[in-house]
Amino acid sequence: MKNLLLLLLAVLLATGARAHGGEDHGDAAKPSAGAVATTFSVAALSESFELLLRFEPLKKGQDADMRLFISDYGTNAPIKGAKLTVTCPEAAGLKFTVSEKSPGAYMVEGVFPANKKYSLAVNIVAGDKADLMLLSGIEVGKLLPVAAAPAVAAPALIGSWKTVLLLFGAFALGIAATALVMRRRSAAAVPTSTSAVYENHA
């Protein structure tokens, strides 16, 4: 009987462990979605300067506010006080205004007439250095990528009901096995006691 109860306890523990194996208890670190870009960027390099142009999605016929960062190629120091002229090879009639917002950071403003790819030719004069550089791949009408929605976890209620059913099933089997063993022992004990009574009367 004692061994049977121990076996039943072991079955219950094993069943509970298997049922809980696939559950999410919320304590483990969950993978976070990757950072979603909020701007586009294009870059260009020369022997004198490094250019980085950042901009939000551009729309045709609307004001485009683009931030241009200029740094020294050798030292990576920001280039402040530069004289800049910006033109568009694909549309020579486009006009752009440039203003310095902080050391090495300039605002380029203009309007693109169509949804297509453009490039900007940037003429830079800074101290004794001068260069003409091309920023290509400026796509008007392009939208930023949308982050993928995280996978929806299965409801925890289903897992808990499965666990309860498994535990009750194992428990019922244990009770049935125990009752069967006890019944067999009782049946086996009756003939022995009866024979003993007949022997005493004899």
- Report yes or no: does Glu100 contribute a side-chain atom to a donor-acceptor pair with the main-chain N or O of Gly81 at less than 3.5 Å? yes
- Taking the side chain as C-beta and beyond, is there a heavy-atom pair between Phe40 and Glu139 under 4.5 Å? no
- Message: For the CE atom of Met133 and the CG atom of Leu51, what is their distance to the nearest 0.5 Å?
- Response: 3.5 Å
- Rounded to the nearest 0.5 Å, what separation is found between the OG atom of Ser48 and the CG atom of Asp128? 9.0 Å
- Task: Find out whether Ile79 and Lys129 are in side-chain contact, i.e. whether some heavy atom of one side chain is under 4.5 Å from a heavy atom of the other.
- Result: no
- Mind listing the closest non-hydrogen atom pair of Pro113 and Leu94 along with its distance? CD-CD2, 3.8 Å
- Got a second to check how far Arg67's CZ is from Leu52's CG, nearest 0.5 Å? 11.5 Å
- Task: Tell me whether Tyr118 is reachable from Leu134 by hopping between hydrophobic residues (I, L, V, M, F, W, Y) whose side-chain heavy atoms are closer than 4.5 Å.
- Result: no
- Message: Could you tell me if the side chain of Leu68 sits less than 4.5 Å from the side chain of Val98, heavy atoms only?
- Response: no
- Message: Tell me the closest heavy-atom pair linking Phe55 and Asp65, and the distance in Å.
- Response: CB-O, 4.4 Å
- Of all heavy-atom pairs between Gly104 and Pro78, which one has the smallest distance, and what is that distance? CA-CB, 3.8 Å
- Message: Let me check something: do Phe69 and Val122 share a hydrophobic cluster, defined by ILVMFWY side-chain heavy atoms less than 4.5 Å apart, either directly or through other members?
- Response: no
- Item | Any donor-acceptor pair under 3.5 Å from Tyr106 side chain to Leu84 backbone | no
- Message: Would the distance check show the side chain of Glu109 and the main-chain N or O of Asp63 forming a donor-acceptor pair, the cut-off being under 3.5 Å?
- Response: no
- Ile138-Leu132 co-clustered via ILVMFWY side chain contacts under 4.5 Å: no
- Query: Looking at side-chain heavy atoms only, is the closest gap between Lys60 and Phe112 below 4.5 Å?
  - Reply: no
